[in-house]
Amino acid sequence: MFFLSRLEHKFRLPPHLLDLPLEDAIKRQIDSFFLDKVIAKYGLCISLYDIKSIDGGFILPNEGSPTYKVDFRMVMFRPFVGEVISARLKESNRNGLRLSVGFFDDIHIPAYLLPSPSHPEPHPLHPEDINQVRWVWLFNETRCDIHEDDEIRFRVVKVEYPPIPLEQQECSKPFAPMIVTGTLDADGLGPVSWWV
């Protein structure tokens, strides 16, 4: 789930950071450039782990800031296929479930990867809203609901890094640079309350 990734980047150090020690100023620049951002094939940048080297400090013509080449390691969130992760239910609709691990919310469980046989029912708190449903799994005639406050274990089946759209329609969902798709269709998966 979490990996150390070694990265190299050139940073311009703005003048307002020049009164700080060099490493502290570089750390601020790394945080502003990478923290909470997704790098394709690497994952979501969680935090700076360490700085391996800082080279340069050259002021290029027509610039008032020194440029440094920095080699550093970041802690990345990058789930692997087959990994089992615990998350919380964020949204439930006819297409399936959307889960959150707190710092990352683009985890989708499509309806066809829910335990079989499952079916949606109108949400008891919002029966008039057709977009909000509660999913129910029928196991040996026992009704197993997925509730809003459930801790849910899922298995990762796919991690995607979709290309950045050139244009985005006004009414569309916000772009997600990393999408994790999971399944609940196996023993031990689903709400923890089902298995205790």
Side-chain angles (χ1 to χ4, degrees), residues 1-5 31-49 74-116 118-137 139 143-165 168-196:
M1 179 182 326
F2 295 101
F3 293 90
L4 274 181
S5 294
D31 286 347
S32 69
F33 271 77
F34 290 100
L35 207 58
D36 293 331
K37 307 242 178 12
V38 172
I39 301 173
K41 308 297 182 211
Y42 285 93
L44 175 68
C45 299
I46 300 295
S47 122
L48 175 66
Y49 185 74
M74 297 281 300
V75 177
M76 311 293 278
F77 171 70
R78 183 178 68 233
F80 57 87
V81 174
E83 181 176 12
V84 176
I85 300 174
S86 289
R88 294 270 178 205
L89 182 64
K90 183 151 180 93
E91 182 183 353
S92 178
N93 59 35
R94 294 199 172 279
N95 297 326
L97 306 175
R98 184 169 166 227
L99 306 179
S100 172
V101 289
F103 56 87
F104 183 75
D105 297 337
D106 291 311
I107 302 168
H108 300 279
I109 312 294
Y112 65 89
L113 290 175
L114 290 169
S116 183
S118 290
H119 66 276
E121 292 182 352
H123 196 285
L125 299 177
H126 310 282
E128 69 285 344
D129 188 356
I130 61 169
N131 291 326
Q132 289 191 353
V133 298
R134 175 174 285 169
W135 281 90
V136 178
W137 173 40
F139 176 70
R143 180 185 168 93
C144 301
D145 292 28
I146 299 177
H147 297 284
E148 293 78 22
D149 55 347
D150 282 339
E151 179 182 349
I152 298 172
R153 286 194 190 119
F154 70 96
R155 180 179 297 123
V156 176
V157 294
K158 183 168 54 171
V159 179
E160 295 178 274
Y161 301 93
I164 298 172
Q168 192 161 351
Q169 297 177 358
E170 209 172 293
C171 60
S172 64
K173 296 187 310 187
F175 173 70
M178 180 170 79
I179 300 171
V180 177
T181 304
T183 182
L184 302 185
D185 198 10
D187 289 344
L189 301 180
V192 174
S193 61
W194 289 357
W195 305 103
V196 285

Interatomic distance, [X] atom [atom1] to [Y] atom [atom2] [nearest 0.5 angstrom]:
X: His147; Y: Ser92; atom1: NE2; atom2: OG; answer: 11.0 Å
X: Arg88; Y: Asp150; atom1: CZ; atom2: CG; answer: 8.0 Å
X: Ser118; Y: Leu184; atom1: OG; atom2: CG; answer: 8.0 Å
X: Lys158; Y: Thr183; atom1: NZ; atom2: OG1; answer: 12.5 Å

| field | Pairing residues for Asp145 by the side-chain hydrogen bond (donor to acceptor under 3.5 Å, both in side chains) criterion, not counting sequence neighbours | value |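 Partners of Asp145 by the side-chain hydrogen bond (donor to acceptor under 3.5 Å, both in side chains) criterion, ordered by chain and then number, come out as Arg143.
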
| Residues in side-chain hydrogen bond (donor to acceptor under 3.5 Å, both in side chains) with Glu151, at least two apart? |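 So Glu151 forms a side-chain hydrogen bond (donor to acceptor under 3.5 Å, both in side chains) with Ser86.
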
| task | State whether the number of non-hydrogen atoms from other residues, nucleotides or ligands found under 6.0 Å of Arg153 atom CZ is greater than 12. | result |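 Atom CZ in Arg153 is not crowded, with 12 or fewer foreign heavy atoms closer than 6.0 Å.
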
| Counting only heavy atoms not in Leu4, do more than 12 sit closer than 6.0 Å to its CG atom? |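 Above 12, so yes.
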
Which residues pass the side chain to side chain contact (heavy atoms under 4.5 Å, CB included) test with [X], not counting sequence neighbours?
X: Arg98; value: Lys90, Glu91, Asp105, Asp106, His108
X: Phe2; value: Ile46, Val75, Phe77, Phe103
X: Ala186; value: Arg155, Leu189

| query | Would you say Met74 and Ile39 make side-chain contact, with heavy atoms under 4.5 Å? | reply |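 Met74 vs Ile39: side chains apart.
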
| query | Just by distance, do the side chain of Asp31 and the backbone of Phe34 share a donor-acceptor pair under 3.5 Å? | reply |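 Answer holds: no.
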
| Once the angle between the rings of Trp137 and Trp195 is folded into 0 to 90°, is it parallel (under 30°), tilted (30 to 60°) or perpendicular (over 60°)? |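 Plane angle between 30° and 60°, so tilted.
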
What pair of heavy atoms forms the shortest contact from [X] to [Y], and how long is it?
X: Pro162; Y: Pro177; answer: CD-O, 3.5 Å
X: Tyr42; Y: Arg78; answer: O-NH1, 2.9 Å
X: Ser116; Y: Asp185; answer: N-OD1, 3.6 Å
X: Asn93; Y: Trp135; answer: O-NE1, 2.9 Å

| query | Checking side chain to side chain contact (heavy atoms under 4.5 Å, CB included) for the pair Leu113/Phe154: CA distance, chi angles, key distance, verdict? | reply | CA-CA 10 Å; Leu113 290 175; Phe154 70 96; over 6 Å; no

| said: Show every salt bridge (charged side-chain N to carboxylate O under 4.0 Å, His left out) that has at least one partner inside residues 34-47, sequence neighbours left out. | reply: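 Found none.
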
